[in-house]
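Each chain gets a letter, A, B and so on, in the order the sequences are listed, and its residues count up from 1. Hydrogens, waters and symmetry mates are skipped; everything else that's a heavy atom, side chains included, is used.
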Amino acid sequence: MARWQVPAGGAVGALDDLLVGAVDAFPRGRLEALLAQGRPLRVKLGFDPTKPDLHLGHAVVLEGLRRFQQAGHQVVLIIGDFTARIGDPTGKEAARPPLTASEVAANARTYLEQLGRMIDLDKAEIHHNATWLEPMDLAGVLRLLGQATVAQMLARDNFARRHERGDAIGLHELLYPLLQGQDSVEIRADVELGGDDQRFNLLVGRDLQATAGQEPQACVTYGLLVGTDGHEKMSKSIGNDIPLTCPPEDMYGRVMSVPDAALPDWWRLASARGADEVRAVCADLAAGSLHPRDAKMRLARAIVARFHDAEAAGIAEEAFVRRFQERALPLEIPDADAWPAGMPLSPLLVKLGLAATTSDARRLVTQGGVRCHGPEGTVETLGEPMMPVGPERVGQILQVGKRRFVRFGRPGTA
RNA sequence: GGGGGGAUUCCCGAGCGGUCAAAGGGGCCUGACUGUAAAUCAGGUGGCUCUGCCUUCGAAGGUUCGAAUCCUUCUCCCCCCA
């Protein structure tokens with residue numbers, strides 16, 4: 001996976017912290033040379049607003065960007081409102097359906113809100129790439145196309161894989177890296193940040209800049225954070241993500257479900273702590289002197305604190321310990337009011353949002369996944385899918401699976 | 001343009017006239033164990049008014065007592081040749 005390496009040479013301390021989470025900076029020495037000029041650099045980061053939510057995986061590069069901003073450099077954000085309509089083929093096993101302009105616009109708004117949690121947007125330049133890509137005419141497109149060869153494009157892992165497997169590759173997809181590179185030309189980027197899988201796209205930007213008579217940008221790539229499953233790159237569509245907007249308690253819990261093996265990566269990429277601390281934790285984990293569970297709890301607290309605040313993180317941790325380590329009922333349990341008393345259990349579970357379908361509810365009940373917490377700590381397993389649930393349950397707590405709870409409040413009519 | 005192959009339940013992938021709601025694996029869910037980790041074990045995984053009924057096998061028609069399986073047309077994908 002992502003290795004912990006910082007470009008050779010340069011002032012270790014500052015550069016080290018500037019590049020926490022970075023996998024590589026290239027070409028060699030370029031970034032150091034730029035930094036040595038002592039002027040604020042134009043640091044570019046592009047985002048295609050293809051989904052409404054950003055998650056921890058996106059935050060890796062954003063943290064890098066934040067560090068550049070804090071060091072006094074000029075952040076230049078590109079909202080890829082045009083490129084989003086094509087779709088970045090990077091990491092895609094299949095072509096994806098294009099988005100409409102209005103979907104993109106809606107996503108872009110929520111993106112900026114979320115970016116504001118990490119970046120000082122008032123000090124950032126924000127561009128939409130439709131500004132220059134939309135009006136481009138065929139002559140311009142052809143000029144761009146002339147910058148790359150078929151062999152170069154096919155050299156890319158994912159294109160090559162898809163091609164070999166006999167999957168479709170749209171011609172417009174091949175154009176994508178060139179468009180991203182054009183963005184660098186338009187905003188005269190000194191540095192572009194991106195995920196480790198963006199290497200190719202970042203390099204294309206350099207080529208286009210050179211052709212346009214500009215100094216080619218330095219590129220910094222960041223590690224790809226694996227999802228909560230510990231294997232696949234974090235992604236909402238796989239369902240292994242943690243959204244930045246995730247509530248504190250849930251966020252804490254999701255971090256705790258990450259497999260131990262992924263911990264070092266998560267510390268490097270998601271903790272947003274200093275280089276020294278990260279190194280120390282990784283070393284202790286490797287040496288066995290730090291219990292993985294404790295390292296994970298520290299991490300979970302750090303992450304929640306990062307996107308909410310320290311107080312919320314403390315509360316989330318208490319709730320977690322109480323619920324999962326002491327196996328007590330959670331403190332906050334939603335009340336079900338006006339629930340249809342007398343209704344059979346399975347449909348009731350659906351009504352209360354605790355099961356997806358009646359059949360699903362039946363399965364849960366049959367398999368002993370549905371319990372009712374009565375007075376004085378009594379627990380009763382409800383095993384009859386169609387047993388009627390009457391008003392005598394008021395005040396009791398219904399538990400489905402490990403984490404779904406509801407307290408019976410005022411009953412309504414069935 | 002010519003020839004060939006293919007589209008199956010969340011994914012991969014069997015099935016090739018009835019015994020198919022459809023093998024197997026993955027994922028996911030529930031239970032046991034536990035550190036909401038890993039590994040492991042057991043069960044489940046279309047819907048419903050659930051020992052039965054209804055809807056699914058790219059789309060629409062057709063043959064048949066009966067079709068995911070046969071025929072026709074259509075849509076999409078891939079390969080080879082040009």
J.: Just checking, is any N or O donor in the side chain of A/Q180 or A/N201 under 3.5 Å from an acceptor N or O on the other one?
T.: yes
J.: Would you measure the distance from the P atom in B/U55 across to the matching atom in B/A67 and give it in whole Å?
T.: 12 Å
J.: Say you pick atom C1' in B/C16 and the same atom in B/G5; how far apart are they, in whole Å?
T.: 16 Å
J.: For A/R298 and B/G35, what is the distance between atoms CZ and C1' respectively, to the nearest whole Å?
T.: 17 Å
J.: Starting at CD of A/Q399 and ending at C1' of B/U36, how long is that distance when rounded to a whole Å?
T.: 13 Å
J.: B/A37 phosphate, OP1 or OP2: any side-chain N/O from A/S257 under 4.0 angstrom?
T.: no
J.: When you match A/K402 and A/M256 each to their closest nucleotide on RNA chain B, which lands nearer the 5' end?
T.: A/K402
J.: Considering Watson-Crick and G-U wobble pairs with both distances under 3.5 Å, what does B/G1 pair with?
T.: B/C81
J.: Work out how far the C1' atom of B/C20 is from that of B/C57, and round it to whole angstrom.
T.: 10 Å
J.: Pick the closest RNA chain B nucleotide for A/R371 and for A/G253 by heavy atoms, then say which residue is nearer the 5' end.
T.: A/R371
J.: Starting at atom CG of A/D250, determine the distance to atom C1' of B/U36, rounded to an integer number of angstrom.
T.: 11 Å
J.: Roughly how far apart, to the nearest Å, are B/G44 and B/C77 at atom C1'?
T.: 35 Å
J.: Measuring only the C1' atom in each nucleotide, how far is B/A59 from B/C53? A whole number of Å is fine.
T.: 27 Å
J.: For B/U63, which nucleotide in any strand shown is its Watson-Crick or wobble partner with both distances under 3.5 Å?
T.: none
J.: Taking only the P atom of each, what is the distance from B/A37 to B/A60 in whole angstrom?
T.: 45 Å
J.: With heavy atoms under 4.0 Å as the rule, sort A/G368 into base, sugar-phosphate or nothing.
T.: sugar-phosphate
J.: Ignoring the backbone of A/R404, work out which of B/A37, B/C48, B/C29 is nearest its side chain.
T.: B/C29
J.: Does B/U40 pair with anything, Watson-Crick or G-U wobble, both distances under 3.5 Å, and if so, with which nucleotide?
T.: B/A32
J.: Salt-bridge test for A/D250 and A/R254: reply yes if a basic N is under 4.0 Å from a carboxylate O, no otherwise.
T.: yes
J.: Could you check how far CG of A/L364 sits from C1' of B/G31, rounded to whole Å?
T.: 11 Å
J.: B/C76 pairs with which nucleotide, Watson-Crick or G-U wobble, both distances below 3.5 Å?
T.: B/G6
J.: Check this for me: does any side-chain nitrogen of one of A/R67 and A/E63 sit under 4.0 Å from a carboxylate oxygen of the other?
T.: yes
J.: What's the separation between atom CG in A/L175 and atom OG1 in A/T83, rounded to the nearest 0.5 Å?
T.: 10.5 Å
J.: Roughly how far apart, to the nearest Å, are B/A38 and B/U45 at atom C1'?
T.: 24 Å
J.: Quick one: does A/R293 reach the base of B/U34 with a side-chain donor-acceptor pair under 3.5 Å?
T.: no
J.: In whole angstroms, how far is the P atom of B/U34 from the NE2 atom of A/H291?
T.: 13 Å
J.: CG of A/L354 versus P of B/U30: gap in Å, rounded?
T.: 12 Å
J.: With rounding to whole Å, what would you report as the distance between B/C48 and B/A32 at their C1' atoms?
T.: 31 Å
J.: Less than 3.5 Å between a donor and an acceptor, one on the side chain of A/D229 and one on the base of B/G27, is that the case here?
T.: no
J.: For a quick check of understanding: with a heavy-atom distance under 4.0 Å over all strands, which category does A/P292 fall into, base, sugar-phosphate or nothing?
T.: base
J.: Does a salt bridge link A/E380 with A/R393, judged by any charged N lying under 4.0 Å from a carboxylate O?
T.: yes
J.: Which one, B/U36, B/U34, B/C50, comes nearest to the side chain of A/M386?
T.: B/C50
J.: Which nucleotide, in any strand shown, forms a Watson-Crick or G-U wobble pair with B/U45, with both distances under 3.5 Å?
T.: B/G27
J.: Less than 4.0 angstrom between a side-chain N/O of A/S359 and OP1 or OP2 of B/G46, yes or no?
T.: no
J.: Is the A/Y111 ring parallel, tilted or perpendicular to the A/F47 ring (thresholds 30°, 60°)?
T.: perpendicular
J.: Starting at CG of A/L290 and ending at C1' of B/A37, how long is that distance when rounded to a whole Å?
T.: 14 Å
J.: In whole angstrom, give the distance that lies between atom CG of A/L345 and atom P of B/C50.
T.: 14 Å
J.: Identify the heavy atoms of A/A189 and A/Q209 that sit nearest to each other, and give their distance.
T.: O-NE2, 3.0 Å
J.: Evaluate whether atom CD of A/E311 has more than 12 neighbouring non-hydrogen atoms of other residues, nucleotides or ligands under 6.0 angstrom away.
T.: no
J.: Does B/G31 have OP1 or OP2 sitting under 4.0 Å from an N or O in the side chain of A/R363?
T.: no
J.: Base, sugar-phosphate or nothing for A/V258? Non-hydrogen atoms, less than 4.0 Å.
T.: sugar-phosphate
J.: Does A/R403 make a side-chain donor-acceptor contact with the base of B/U36, cut-off 3.5 Å?
T.: yes
J.: Taking N and O atoms by type only, does the side chain of A/Q367 place a donor or acceptor under 3.5 Å from a partner on the base of B/G43?
T.: yes
J.: Can you tell me which nucleotide in B/U30, B/G35, B/C50 comes closest to the side chain of A/R362?
T.: B/C50
J.: Using only side-chain N and O atoms of A/Q325, determine if any of them is under 4.0 Å from OP1 or OP2 of B/U36.
T.: yes
